[in-house]
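One structure is given here, and the rest of the page talks about it.
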Amino acid sequence: MVRITVEASSNYDVLIAEGLLGETGSLAAEVVPPCKVLVASDDIVTALYSDTVVHSLQDAGFEVEQFTFPHGEKSKNLQTLNSLLEYAAKKQLTRQSLFVALGGGITGDLTGFAAAVYQRGAGYIQIPTTFLAAIDSSVGGKTAVNLDAGKNLAGAFFQPRLVICDLATFETLPSEVFSDGAAEAVKYGMISDYELFLKLEAGITISNLQDIVARCVDIKRQIVARDEYDRGERQLLNYGHTFGHGIEKCSGYTISHGHAVAIGMVMAARAAERLGIAEEECSDRLAAALHKYGLPVYSPFETNELTSAILTDKKRAGDTLTVVLPERPGRCILHKLPVDDIERLVSLSLE
Ligand code: MG
């Protein structure tokens with residue numbers, strides 16, 4: 001088992017191995033004394049994994065309640081958050097109780113936010129069951145729900161007590177969902193690890209991911225330790241996300257997060273080349289690497305639509321917006337520009 005300790009406002013371990021779901025109870029008991037637990041998951045994950053997790057928690061002495069909601073980005077909103085919080089209150093959870101987010105990024109962000117605000121903060125554990133959640137959303141304490149105006153516009157920084165990543169859960173992922181994770185893994189390679197980029201460029205498969213997951217989590221650990229609250233360096237993790245969130249929003253969330261980030265990364269690379277920031281070939285190499293995982297690299301939306309979607313993104317700060325642009329695979333920079341220049345950047349990225 002790989003154990004990576006994240007040092008943030010509170011410290012916690014990320015545990016990575018095959019077959020950890022059945023040990024959830026004993027692993028949780030190492031960080032939280034047995035108490036009332038609310039396991040939150042969507043309908044798909046509930047059917048696959050909640051029995052294993054619930055029995056393991058019960059065997060370790062936890063009293064378990066369950067909350068299930070419909071799968072998909074449309075559930076990541078204030079209505080589901082409200083239902084989850086009311087359910088926790090009805091089941092008499094206290095501040096000493098524990099929320100367990102069992103599932104992908106939507107479940108993790110939603111449940112983490114519920115834990116952050118329930119009675120001003122109860123503990124929670126992340127159990128990511130997708131490649132994407134394992135390497136990104138389950139680590140680092142960003143929790144949120146979407147508003148009508150855009151992605152993740154209501155949320156909190158709130159670190160989990162523990163992250164349990166059972167690699168065996170990836171085996172049930174549909175190939176597009178695996179690709180979503182591959183897009184974020186390529187992102188880590190692009191922003192800070194050329195060797196990782198080379199591995200992903202050569203091609204990885206779902207069956208042997210422990211090293212890749214551990215490497216991505218370790219990169220995130222380092223960045224979060226230096227900039228937990230997203231004031232500087234952590235914004236590098238948004239590479240591809242400014243354009244990506246715009247694409248998700250324009251599509252009415254029918255294009256998934258990883259797929260939108262893939263398009264967004266290539267757009268940012270093309271714009272960076274036009275601006276003389278990125279070396280030639282950068283966007284072609286990136287696009288070829290993403291193509292290996294069946295990911296799209298062209299925006300189906302035009303400049304006008306995308307620009308207005310991007311301008312409601314939360315990374316906007318007053319009259320400026322920071323975008324992440326690559327110089328080459330393995331190195332990206334933060335590029336601050338006036339919001340009035342966004343339209344031109346979007347149009348350069350689509351040329
Ligand atoms: Mg992401």
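One-based numbering, in listed order, for ligands and for the atoms of each.
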(message) How wide is the angle at the Mg ion (ligand 1) spanned by His257 NE2 and Asp136 OD2, rounded to 10 degrees?
(response)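 Between NE2 of His257 and OD2 of Asp136, at the Mg ion (ligand 1), the angle is about 140°.
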(request) Give the name of the N/O/S atom in Glu184 that lies closest to the Mg ion (ligand 1). (result)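 In Glu184, the N, O or S atom with the shortest distance to the Mg ion (ligand 1) is OE2.
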(request) Tell me which N, O or S atom of His241 sits nearest to the Mg ion (ligand 1). (result)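 Sorting the N, O and S atoms of His241 by distance to the Mg ion (ligand 1) puts NE2 first.
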(request) Identify, with sequence neighbours excluded, every residue that meets ring-ring contact (aromatic ring centres under 6.0 Å, His included) alongside Tyr293. (result)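 None.
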(request) Using the test ring-ring contact (aromatic ring centres under 6.0 Å, His included), find all partners of Phe99 that sit at least two apart in sequence or belong to another chain. (result)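 If we apply the ring-ring contact (aromatic ring centres under 6.0 Å, His included) test to Phe99, skipping adjacent residues, the hits are Tyr118.
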(request) Answer yes when Arg270 and Glu351 have at least one side-chain N-carboxylate O distance shorter than 4.0 Å, and no when they do not. (result)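 Result for this pair is no, no salt bridge flagged.
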(request) Could you pull out the closest heavy-atom pair between Ser179 and His259, with the gap in Å? (result)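 Answer, listing the atom of Ser179 first, then His259: CB-CE1, 4.0 Å.
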